[in-house]
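Following: one structure in structure tokens, then a few remarks.
In this text, all values refer to a predicted model and were calculated from it rather than measured experimentally. Hydrogens, waters and symmetry mates play no part in the numbers below; they use all other heavy atoms, side chains included. Per chain, numbering begins at 1; letters A, B, ... match sequence-line order.
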Amino acid sequence: MNPIIDEITQEQLKPERDQFKVGDGVRVHQRIREGNKERVQVFAGVVIARKGHGIHETFTVRRSQMGVGVEKVFPVNSPVIEKVEVDRESITMRARMYYLRSRIGKAANAVKEKRVYMATRGGAK
Amino acid sequence: MNQLIGKKIGMTQVYTDDNVLVPVTVIEAGPCPIVQIKTPETDGYHAVQIGYGAKKEKNTSKSMQGHFKKAGVEQQRILREIRLEDAAEAELGQALTVEIFQDLEKVDVIANTKGRGFSGVVKRWNFHGGPASHGSMFHRRGGSYGMCQWPGEIQKGKKMPGHYGTEQRTVQNLKVVKVLADKNLILVKGSVPGANGTTVIVRQAIKQRKSA
């Protein structure tokens with residue numbers, strides 16, 4: 001990339017957003033403006049993809065609400081996102097977890113990949 | 001003096017103060033020193049000539065070296081004239097910087113488009129072309145070029161294949177997103193003609209709506 005463009009975008013990046021990866025269960029805290037009021041909306045689900053790089057990078061969060069699959073795409077470096085909490089980690093064997101879209105019911109929420117605890121604690125037991 | 005010569009750096013995205021992600025083109029504009037001042041006494045009209053870009057002295061002709069020496073400025077790669085109402089305020093060697101766009105809302109950008117070489121009518125004039133298959137035998141051709149024995153010729157100005165691109169184009173009323181004076185950069189919303197690195201001219205928007 002052009003070094004001048006790199007410099008302009010660099011200051012807008014949020015390096016702390018590198019903490020979560022594909023397959024993680026996250027809670028995205030998004031600031032929403034209604035008139036003059038501002039409130040925080042939380043969207044919880046599984047990160048099924050991270051796309052792009054630098055300022056263009058986005059991530060997709062999927063959850064099923066009342067039996068209907070809902071996906072939201074967030075820009076990683078958006079100032080509207082207050083924080084992204086990771087509440088479940090997993091080791092995935094795929095970069096994009098689009099296969100979750102074809103799952104129904106209980107299976108849709110479970111990331112049936114190798115969990116962290118399976119790799120670490122599970123082995124010890 | 002509301003014009004600068006510059007270089008298109010490329011496109012990216014930035015967040016504005018109200019947290020909106022906007023697409024921007026980064027342009028390095030100026031500093032442009034005044035190389036010559038034209039007045040009605042000497043040239044019959046008011047104008048200033050501004051320059052942009054570094055150039056080695058050995059690559060500059062003797063006559064041009066003298067021209068720059070007279071103004072007391074470095075060798076400039078590109079020169080361009082700006083017509084003025086009154087050139088009396090201008091000062092030889094005075095450098096115009098991107099700061100002149102600091103308070104502006106909108107600018108126009110003039111540049112040459114990307115060269116596309118010898119192009120067919122589908123690319124050059126957005127013709128639809130024919131069906132791809134089913135034995136059509138008429139794919140990306142123009143067709144219907146003229147009539148019969150009368151007029152016996154193809155009308156002038158008929159859209160046909162030919163050289164396309166590298167034409168000067170002006171994009172009007174591009175919003176100024178940010179001006180970085182210390183780096184000589186201006187960020188405008190949207191795209192600008194030409195490839196990255198192309199020479200562009202940035203000026204105050206001439207059709208700006210007067211604020212009520």
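Proximity to chain B (any heavy atom under 4.5 Å) is restricted, for Arg31(A), to the side chain, taken from C-beta onward. At a 4.5 Å heavy-atom cutoff, the contact between Ile4(A) and chain B is made by side-chain atoms alone. With a 4.5 angstrom heavy-atom cutoff, Val14(B) touches chain A via backbone and side-chain atoms both.
Counting heavy-atom neighbours within 6.0 Å of Arg116(B) CZ, excluding the residue itself, gives a total above 12. Within a 6.0 Å sphere centred on NZ of Lys8(B), heavy atoms belonging to other residues, nucleotides or ligands number more than 12. The number of heavy-atom neighbours closer than 6.0 Å to NZ of Lys175(B), taken from other residues, nucleotides and ligands shown, is 12 or below. Within 6.0 Å of CZ on Arg140(B) lie no more than 12 heavy atoms contributed by other residues, nucleotides or ligands. Other residues, nucleotides and ligands contribute at most 12 non-hydrogen atoms within 6.0 Å of the NZ atom of Lys70(B). Within 6.0 Å of atom NZ in Lys178(B), more than 12 heavy atoms from other residues, nucleotides or ligands are found, so the atom counts as buried in its surroundings.
Looking at Val24(B) and Ile8(A), their side chains never come closer than 4.5 Å, going by heavy atoms from C-beta outward.
Between atom CD of residue Glu7(A) and atom CG of residue Leu185(B) there is a gap of 8.5 Å, rounded to the nearest 0.5 Å. Here OG1 of Thr58(A) is found 11.0 Å from CG of Leu21(B). Values are rounded to the nearest 0.5 Å.
Between Ile55(A) and Tyr15(B) the shortest heavy-atom distance is CD1-CE1, 4.0 Å. A pairwise comparison of heavy atoms in Pro79(A) and Asn19(B) identifies CG-OD1, 3.3 Å as the closest pair. Residues Gln13(B) and His56(A) share a closest heavy-atom pair of OE1-ND1, 2.8 Å.
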